[in-house]
Amino acid sequence: TLCTPLLFTLTHAPTVPTEKKQAGQYADANAKYGQVLVALNRVFPWTQETDGGGGGGGVGGETISASGERKKVKTLTATVLSNRALTCRRLGQHASALEDACKADCLLAEFGLEAELGLRIKTKYAMGESLAHLGRPVEACDVLRQAMRLVETMKKEQDEEKNEQTSCDVAGLVSCLRRAARSLPMSYVASHWADAICSGESVSFLSPNPREGNLLKPIRPAAMRATKAEIARRLLVSISSFTTFRLPDCPYETDIYFY
C-alpha cells in the first residue's frame with residue numbers, strides 16, 4: 001500500500017483550475033503535480049520495474065510485488081501526468097504537454113484493454129491537441145482518431161446515464177479534430193481520398209461477382225482503373241483549383257479523417 005508521506009502528498013494534489021482562473025494558478029498546479037510525480041518515483045521506482053520481475057525497493061523498503069499494485073501506481077502516475085499536461089497546455093507549453101501526455105500514454109499502453117478507457121481518451125486528447133498546436137496536424141489527427149475509437153468502445157461498455165456524460169468529451173474531441181484537419185496538407189487529403197477510392201474499387205471477397213467492389217459497384221476492370229498515385233494527383237489538381245478549401249459539415253462518423 002502507499003506509505004503515509006505519499007498519501008499526504010496525493011491528497012493535497014491540486015485540482016485543475018477552471019478556464020476563468022489566472023495563469024499563475026495553472027503554474028502553481030503544474031509545480032505541485034511535479035512534486036507528486038517526484039514523490040511517486042521516490043517511493044515506487046516504477047520506471048525501473050517490469051511486470052515479470054520482482055519489486056524494487058522504495059522508501060522504507062516499500063516494494064511493488066504484485067502486478068495489481070503496479071497497475072495502481074502506474075495508473076495514478078499516468079493520471080498525474082495527464083493532469084500536468086493540461087496545465088502545460090493552459091500555459092501555452094505545448095511541447096512539455098506532449099511529453100507528459102506521451103509518457104502517460106506509454107504507461108497505460110502496458111495494460112492494453114485493461115487500462116481505464118476514460119484516462120486513455122483524456123491522454124490521447126492531450127496528445128492530439130498538443131500536436132496540433134505544434135504544427136503537426138497529420139499526427140494530431142491520427143491520435144485523435146484513436147481517441148474517438150476508444151470513445152465508441154466506452155459507449156458500448158457504459159449505460160445510458162454515463163454515455164450522456166461522455167458526450168461532452170466527444171464534442172471536444174470532434175472540435176479539436178476538425179481544427180487539426182483544417183491544417184492538413186492538401187497532398188495528404190488527396191492521398192487519403194485516393195486510398196478510399198482504391199479500397200472501394202477493390203474486388204469484394206464477400207461476393208462471387210467480380211464487378212462488385214468493397215464500397216462501389218459495378219467496378220471497372222482492373223486494367224481500366226487508375227492507380228492510387230494517379231488518383232491522388234488528379235484530386236490534388238482539382239482541390240488546388242479552389243481558392244479556399246472547407247471540410248464538409250457532416251456528422252463526425254462520416255468525416256473523411258475518421259477512417
Enquirer: Is there side-chain contact between Asp28 and Thr87, with at least one heavy-atom pair below 4.5 Å?
Expert: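 They are not in contact (no side-chain heavy atoms under 4.5 Å apart), so the answer is no.
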Enquirer: Between His133 and Ser130, is there a side-chain heavy-atom distance shorter than 4.5 Å?
Expert: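 Sidechains of His133 and Ser130: no contact.
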Enquirer: Report yes if some heavy atom in the side chain of Lys32 is under 4.5 Å from a heavy atom in the side chain of Val36; otherwise report no.
Expert: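 No, every pair of side-chain atoms sits at 4.5 Å or beyond.
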Enquirer: Hydrophobic clusters join Ile, Leu, Val, Met, Phe, Trp and Tyr when side-chain heavy atoms are under 4.5 Å apart, directly or via other members; which others share one with Leu134?
Expert: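 Answer for Leu134: Leu98, Met127, Leu131, Val143.
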Enquirer: If you look only at pairs with a residue in residues 183-202, which of them pass as a salt bridge (Lys or Arg N to Asp or Glu O under 4.0 Å), with sequence neighbours excluded?
Expert: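 Listed once each, the pairs are Asp195-Lys228, Glu201-Arg220.
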Enquirer: Kindly compute the distance separating CZ (Arg90) from CD (Gln25), expressed to the nearest 0.5 Å.
Expert: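 Rounded to the nearest 0.5 Å, the CZ-CD separation comes to 13.5 Å.
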Enquirer: Can you name the nearest heavy-atom pair linking Ala180 to Pro137, along with the distance?
Expert: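 For Ala180 and Pro137, the tightest heavy-atom pair comes out as O-CB, 3.4 Å.
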Enquirer: In the structure I gave you, are the side-chain heavy atoms of Glu212 and Val203 within less than 4.5 Å of one another anywhere?
Expert: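 No. Closest side-chain heavy atoms not under 4.5 Å.
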Enquirer: Taking atom CD of Glu129 and atom CG of Leu144, what is their separation to the nearest 0.5 Å?
Expert: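 Output value for this atom pair is 8.5 Å.
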Enquirer: Name all residues meeting the side chain to side chain contact (heavy atoms under 4.5 Å, CB included) criterion together with Val38; count only those two or more places apart in sequence or in a different chain, and write none if there are none.
Expert: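 By the side chain to side chain contact (heavy atoms under 4.5 Å, CB included) rule, Val38 matches no residue at all.
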Enquirer: Output yes when a side-chain donor or acceptor of Ser175 lies under 3.5 Å from a complementary backbone atom of Ala171, and no otherwise.
Expert: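 Answer holds: no.
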Enquirer: Taking ILVMFWY side chains as joined if any heavy atoms are under 4.5 angstrom apart, and letting links pass through other members, which residues group with Leu108?
Expert: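 Reading the cluster by chain and number, Leu108 sits alongside Leu119.
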Enquirer: If you look at every heavy atom in Leu235 and Ala190, which pair is closest and at what distance?
Expert: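 Shortest heavy-atom contact: CD1-O, 3.6 Å.
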Enquirer: Please lay out, stage by stage, how Tyr33 and Asp100 fare under the test side-chain contact (heavy atoms from CB on, under 4.5 Å).
Expert: CA-CA 11 Å; Tyr33 281 129; Asp100 279 349; over 6 Å; no
Enquirer: OH of Tyr26 to CZ of Arg89: how many Å apart, nearest 0.5 Å?
Expert: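 It is 10.5 Å, given to the nearest 0.5 Å.
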Enquirer: Show, in sequence, the C-alpha distance, side-chain angles and deciding distance for Arg179 and Ser183, and conclude whether the side chain to side chain donor-acceptor pair (under 3.5 Å) test is met.
Expert: CA-CA 7 Å; Arg179 290 194 302 271; Ser183 299; over 6 Å; no
Enquirer: Can you name the one residue among Arg70, Lys71, Lys74 that meets side chain to side chain contact (heavy atoms under 4.5 Å, CB included) with Glu110?
Expert: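 Single pass found, and it is Lys74.
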Enquirer: Side chain of Ser82, backbone of Ala78: donor and acceptor closer than 3.5 Å?
Expert: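 A pair under 3.5 Å: no.
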Enquirer: Between Arg120 and Asp105, is there a side-chain heavy-atom distance shorter than 4.5 Å?
Expert: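 Contact flag for Asp105/Arg120 side chains = no.
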Enquirer: Check salt bridge (Lys or Arg N to Asp or Glu O under 4.0 Å) between Glu230 and all other residues, then give those that pass, not counting sequence neighbours.
Expert: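 By the salt bridge (Lys or Arg N to Asp or Glu O under 4.0 Å) rule, Glu230 matches Arg233, Arg234.
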Enquirer: If you compare all heavy atoms of Ala85 against all heavy atoms of Ala101, which two are closest, and at what distance to 0.1 Å?
Expert: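 In terms of heavy atoms, the two residues are closest at CB-N, 4.1 Å.
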Enquirer: Given 3.5 Å as the limit, does a donor-acceptor pair link the side chain of Tyr125 with the main chain of Gly172, or not?
Expert: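 Flag set: sc Tyr125 to bb Gly172 pair under 3.5 Å.
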Enquirer: How long is the straight-line distance from CZ of Arg84 back to OG1 of Thr79, given to the nearest 0.5 Å?
Expert: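 Spacing of OG1 (Thr79) from CZ (Arg84) equals 13.5 Å.
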Enquirer: Distance from Leu37 atom CG to Arg42 atom CZ, nearest 0.5 Å?
Expert: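 Between atom CG of Leu37 and atom CZ of Arg42 there are 12.5 Å.
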Enquirer: Checking Asp142 now: which residues fulfil side-chain hydrogen bond (donor to acceptor under 3.5 Å, both in side chains) with it, not counting sequence neighbours?
Expert: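 For Asp142, the residues satisfying side-chain hydrogen bond (donor to acceptor under 3.5 Å, both in side chains) (neighbours in sequence not counted) are Gln146.
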Enquirer: Check step by step if salt bridge (Lys or Arg N to Asp or Glu O under 4.0 Å) holds for Arg136 and Glu139.
Expert: CA-CA 6 Å; Arg136 297 159 64 179; Glu139 296 169 84; 2.8 Å; yes
Enquirer: So Leu107 and Thr123, do their side chains get closer than 4.5 Å, heavy atoms only?
Expert: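 A side-chain contact is absent here, since even the closest heavy-atom pair is not under 4.5 Å.
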Enquirer: Any side-chain heavy-atom pair from Met148 and Val170 closer than 4.5 angstrom?
Expert: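 Of all side-chain heavy-atom pairs linking Val170 with Met148, at least one is under 4.5 Å.
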Enquirer: In sequence, state the C-alpha distance, the side-chain angles, and the governing distance for Asn83 and Lys122, and then conclude on side-chain contact (heavy atoms from CB on, under 4.5 Å).
Expert: CA-CA 9 Å; Asn83 286 343; Lys122 177 182 176 182; 2.4 Å; yes
Enquirer: Could you pull out the closest heavy-atom pair between Ala194 and Ala232, with the gap in Å?
Expert: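 Shortest heavy-atom separation between Ala194 and Ala232 comes out as CB-N, 3.6 Å.
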Enquirer: How far does SG of Cys106 sit from CG of Leu81, to the nearest 0.5 angstrom?
Expert: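 Answer for the SG-CG pair, Cys106 versus Leu81, is 10.5 Å.
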